[in-house]
Structures are given as structure tokens and as C-alpha cells.
Chemist: 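I'd like to ask you about the structure that follows.
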Amino acid sequence: TVLFRSNSFNRLTADGVEHLERLLGGDPKTEQAILDYIKLKWGCPNLSYLTPKQAEAVVARTEQFMAAVWKLQNQPF
């Protein structure tokens, strides 16, 4: 089954964005870290700019994705 669908711009639909928000959201600090990571990795300013393929990669490897976010969040600047 297709977990995420795209709109005419090959970006996530509103339902897809809401699904990712529920999956990854919660703590505001964590949410910001996720958005920062997505912006660095794919150049997307927010979740609605992700393609369905990118969103599926996040969901398929949520543990690795969150570990990468945590690593970025805890790097010294």
C-alpha cells in the first residue's frame, strides 16, 4: 500500500504531513530538531516540502532517522 501520496507538485498531501507530525512530533525541541535535520538533509523548509519517497524513507527507518536527528541536535557548535 502507498503510505504517502503526492500533490501536483510531487510534495506530500496535507494528510501525509499530518501523519508525519503525529509520528515524529511531541516535544517542541524534538520537533525543531527534526525540522532542522530535514532542512539540512533535503533542503525542505518544512514537512510539506518532502516528497512521498522522502517521507517513506523517514517512516521506514524511523529509529535511524531519530538517531541522526539526536546526533545533529547534540553536536557542539
Side-chain angles (χ1 to χ4, degrees):
T1 62
V2 176
L3 184 57
F4 295 100
R5 301 191 189 286
S6 62
N7 60 23
S8 58
F9 301 105
N10 194 33
R11 295 189 179 140
L12 289 183
T13 61
D15 289 345
V17 171
E18 288 175 7
H19 179 74
L20 269 182
E21 286 175 341
R22 284 191 303 272
L23 178 67
L24 301 173
D27 172 53
K29 185 176 177 182
T30 302
E31 287 182 17
Q32 188 58 53
I34 290 167
L35 291 174
D36 291 345
Y37 182 79
I38 286 171
K39 188 172 186 177
L40 283 172
K41 183 166 178 75
W42 290 302
C44 300
N46 59 51
L47 294 177
S48 64
Y49 283 82
L50 287 174
T51 66
K53 186 175 181 177
Q54 291 165 331
E56 288 174 7
V58 170
V59 172
R61 296 184 304 273
T62 303
E63 186 175 330
Q64 291 98 342
F65 179 78
M66 293 303 293
V69 168
W70 184 86
K71 183 177 179 181
L72 177 70
Q73 184 179 10
N74 290 295
Q75 281 184 348
F77 290 98

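On a predicted model such as this, the values are computed, not experimentally measured, just so you know.
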Chemist: Is the shortest heavy-atom distance from the side chain of Asn46 to the side chain of Ile38 under 4.5 Å?
Modeler: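 The answer is no, as the side chains (C-beta and beyond) never meet within the 4.5 Å cut-off.
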Chemist: Looking at every heavy atom in both Thr51 and Asn10, which two are closest together, and how far apart are they?
Modeler: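 The pair with the smallest heavy-atom distance is CG2-O, 3.4 Å.
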Chemist: What's the spacing between Leu20 CG and Leu50 CG if we round to 0.5 Å?
Modeler: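 Atom-to-atom, Leu20:CG and Leu50:CG are 6.5 Å apart.
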Chemist: For residues 36-45, which residue pairs qualify under side chain to side chain donor-acceptor pair (under 3.5 Å), counting only residues two or more places apart or in two chains?
Modeler: Gln32-Asp36
Chemist: Could you pull out all donor-acceptor pairs under 3.5 Å where a side-chain atom in residues 11-18 meets a protein atom, sequence neighbours excluded?
Modeler:
unit_1 : atom_1 : unit_2 : atom_2 : d
Thr13  : OG1    : Gly16  : N      : 3.3

